[in-house]
Amino acid sequence: MASFIIEGGHRLAGDIHPQGAKNEVLQIICATLLTAEKVTVHNVPNILDVNNLIQLMRDMGVEVSKTGIDTYTFQATRIDTAYLESEEFLKKCSSLRGSVMLVGPMVARFGKAIISKPGGDKIGRRRLDTHFIGIQNLGVDFRYNEEAGTFEITADRLKGTYMLLDEASVTGTANIVMAAVLAEGKTTIYNAACEPYVQQLCRMLNRMGAKITGIASNLLTIEGVKELHGTEHTILPDMIEVGSFIGMAAMTASELTIKNVSYENLGIIPQCFRRLGIHLEQQGDDIYVPAQETYEIESFIDGSIMTIADAPWPGLTPDLLSVMLVVATQAKGSVLIHQKMFESRLFFVDKLIDMGAQIILCDPHRAVVIGHNRGFRLHGGNMTSPDIRAGIALLIAAMSADGISRIHNIEQIDRGYQDIEGRLNAIGARITRI
Ligand SMILES: CC(=O)N[C@H]1[C@@H](OP(=O)(O)OP(=O)(O)OC[C@H]2O[C@@H](n3ccc(=O)[nH]c3=O)[C@H](O)[C@@H]2O)O[C@H](CO)[C@@H](O)[C@@H]1O
Ligand SMILES: C=C(OP(=O)(O)O)C(=O)O
């Protein structure tokens, strides 16, 4: 397990470029299985989760070439079906949340899929009912093999239908869409997730010959087609990274320009940081954050204490609440952070409390942060990163703290943030990997 040693208290200055979006690229790579032709993907981030999925694709028999610094081509002419039953494949699936999205394309194109319980962050229960019930609606035979811990899905043919999802699951919607594009007839998915990740997937599928309407809404209609062909696709900037950098700038009182953020795809994110009192300006497609000695959390119009809560898109993504919570510790005023989706994502506040933050963890979903307007600074700590977003939040805390901090288990951060210490050190941070 690698660690970061962080010397806190240094201001950052300059420009930073967000990487391609982790949660989009995982969908896009899986979708390349839907055609025998070549698919070229640009702006692929060099992060652990993506590299693991690319390796998994290679192992499955997909021809993968790296043709540019962040460009890959994928060609799934055929798949090694025997490999899909091997222990090695199942083990690799279980280390990666994104592997669950192999099911939709595999069953649509090859009539068969088998995966083990996918990995990803341990942030509470992460059920897959939406995925499997949705794909079952299209006429597949679904079995959970309790002994082997595997999900086995087979289908002679898929048939379009109407379905109302029990929740707007992001990867669940992607999976069902990828199965439905090659089903016979019309599929209607109501209560579909509509994050930019899903929108981008649908747009790419349409360029491959799929017929999807309702993109960006929660009602998707898909007219099945017989086959799809190759295309090119560019991954959007990672909105979670953009938000992480906004939080980092505020917390370290730094002047930072976040370049080429694709502002129109950030939804409510800038607005939520503004509610924490952070000034940020849209400059073309960049976000400029001025150095701020102080920022004050707004109250609601009736004077009551601010709540920041997650909600399915276009609500606030749950993946930024850990960062917002950390940022609030140095603000003036108080805020209730309400993480509605995940049950175990707020436990990392114990580490912030050890560093001197004033936080009351009310229950697994809610924490009240009492900002002390930089009245006293956080002090360095020794901590372990429990999940990807707590990891980046702890890194931000350490960068603003007095003294030296150590963060262990930084593989959690590497899952989603490309060369984070290299990029942050280039603008003034002092982070060493050991
Ligand atoms: C690889 C990937 O893309 N991961 C993202 C994806 O995970 P993933 O697709 O696994 O997450 P889901 O959208 O399925 O749901 C996440 C959690 O929220 C709950 N839930 C979901 C929808 C809803 O309307 N109400 C509700 O409570 C679910 O029960 C689940 O516990 O979406 C999550 C929610 O944005 C993000 O945190 C993850 O970073
Ligand atoms: C929870 C996340 O990732 P995953 O779904 O891959 O665990 C995340 O990106 O914040």
Side-chain angles (χ1 to χ4, degrees), residues 19-31 45 47-53 93-104 115 117-135 164-178 189-201 218 235-236 238-244 267-269 309-325 338-346 348 364-365 385-393 411-418:
Q19 68 189 28
K22 158 183 159 284
N23 290 346
E24 178 186 333
V25 74
L26 296 173
Q27 299 186 10
I28 295 295
I29 291 175
C30 293
I47 53 178
L48 208 55
D49 267 22
V50 170
N51 295 337
N52 285 341
L53 183 60
C93 285
S94 64
S95 71
L96 185 69
R97 181 90 192 146
S99 64
V100 70
M101 290 181 292
L102 296 170
V103 170
I115 58 154
K117 247 181 151 185
D121 275 344
K122 304 286 174 273
I123 46 184
R125 281 177 302 165
R126 302 193 70 176
R127 61 197 185 84
L128 294 170
D129 305 47
T130 313
H131 297 241
F132 294 130
I133 295 170
I135 291 176
L164 170 56
L165 304 188
D166 65 335
E167 59 179 29
S169 167
V170 175
T171 52
T173 302
N175 232 343
I176 299 165
V177 168
M178 288 189 279
I189 310 172
Y190 196 24
N191 198 23
C194 57
E195 272 73 0
Y197 316 133
V198 181
Q199 297 176 29
Q200 284 282 98
L201 170 73
N218 65 353
I235 305 292
L236 283 176
D238 195 313
M239 61 182 180
I240 314 299
E241 225 195 33
V242 172
S244 306
I268 208 169
I269 292 171
D310 56 358
W313 192 270
L316 178 64
T317 163
D319 296 347
L320 272 174
L321 286 186
S322 306
V323 168
M324 290 184 168
L325 187 150
H338 193 165
Q339 169 70 255
K340 293 184 182 172
M341 294 196 194
F342 296 104
E343 283 135 8
S344 321
R345 231 181 187 182
L346 289 183
F348 82 103
H365 288 278
S385 167
D387 69 71
I388 173 175
R389 306 304 170 190
I392 198 75
E411 287 76 10
Q412 280 294 348
I413 303 178
D414 291 337
R415 264 199 338 110
Y417 293 85
Q418 174 175 324

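Counting starts at 1 for both ligands and their atoms, in listed order. Given the structure is predicted, the values throughout are model-derived calculations rather than measurements.
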Candidate pair L201 and M178, rule side chain to side chain contact (heavy atoms under 4.5 Å, CB included), full reasoning: CA-CA 9 Å; L201 170 73; M178 288 189 279; 4.1 Å; yes
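- Of all atoms in ligand 2, numbered sequentially from 1 with element shown, those under 4.0 Å from a heavy atom of D319 are 8 (C), 9 (O), 10 (O).
- Close contacts between ligand 2 and R389 involve ligand atoms 8 (C), 9 (O), 10 (O) [criterion: under 4.0 Å to a heavy atom].
- Set against the non-hydrogen atoms of R97, the atoms of ligand 1 under 4.0 Å away are 10 (O).
- Using a 4.0 Å cut-off between a side-chain N of Lys or Arg and a carboxylate O of Asp or Glu, D310 and K340 do not qualify as a salt bridge.
- Between Q339 and L325 the shortest side-chain heavy-atom distance does not fall below 4.5 Å.
- Using a 4.5 Å cut-off on side-chain heavy atoms (C-beta onward), Y417 and I388 make contact.
- For the pair V100 and L128, the minimum side-chain heavy-atom distance is below 4.5 Å.
- For ligand 1, the polar-atom distance check finds an N/O of N23 within less than 3.5 Å of one of the ligand's N/O atoms.
- Considering each of K340, Q339, E167, the one bringing a non-hydrogen atom nearest atom 26 (C) of ligand 1 is E167.
- Residue contact check for ligand 1: D319 places a non-hydrogen atom closer than 4.0 Å to it.
- Considering P318, P312, A21 only, the shortest heavy-atom separation from atom 34 (C) of ligand 1 involves P318.
- Near K22, with a cut-off below 4.0 Å to any heavy atom, the atoms of ligand 2 are 2 (C), 3 (O), 4 (P), 6 (O), 8 (C), 9 (O).
- Taking the side chain as every heavy atom from C-beta outward, T317 and E195 never approach each other to under 4.5 Å.
- In terms of polar-atom proximity, K22 is not counted as a contact of ligand 1, lacking any N or O under 3.5 Å from an N or O of the ligand.
- Distances between N or O atoms of S169 and those of ligand 1 include at least one value under 3.5 Å.
- Under a 4.0 Å N-O distance rule, the pair R127/D166 qualifies as a salt bridge.
- Against a heavy-atom cut-off of under 4.0 Å, I388 is close to the following atoms of ligand 2: 8 (C), 10 (O).
- Counting the atoms of ligand 2 from 1 in the order shown, those under 4.0 Å from a heavy atom of R345 are 1 (C), 2 (C), 8 (C), 10 (O).
- Side-chain atoms of Q418 never come within 3.5 Å of backbone atoms of P45 as a donor-acceptor pair (strictly under, hydrogens ignored).
- At a 4.0 Å heavy-atom cut-off, ligand 1 touches F342 through the side chain alone.
- The side-chain contact (heavy atoms from CB on, under 4.5 Å) with I176 is formed by just one residue from the set I135, V103, I133; it is I135.
- Between R97 and ligand 2, a contact under 3.5 Å exists for no N or O pair.
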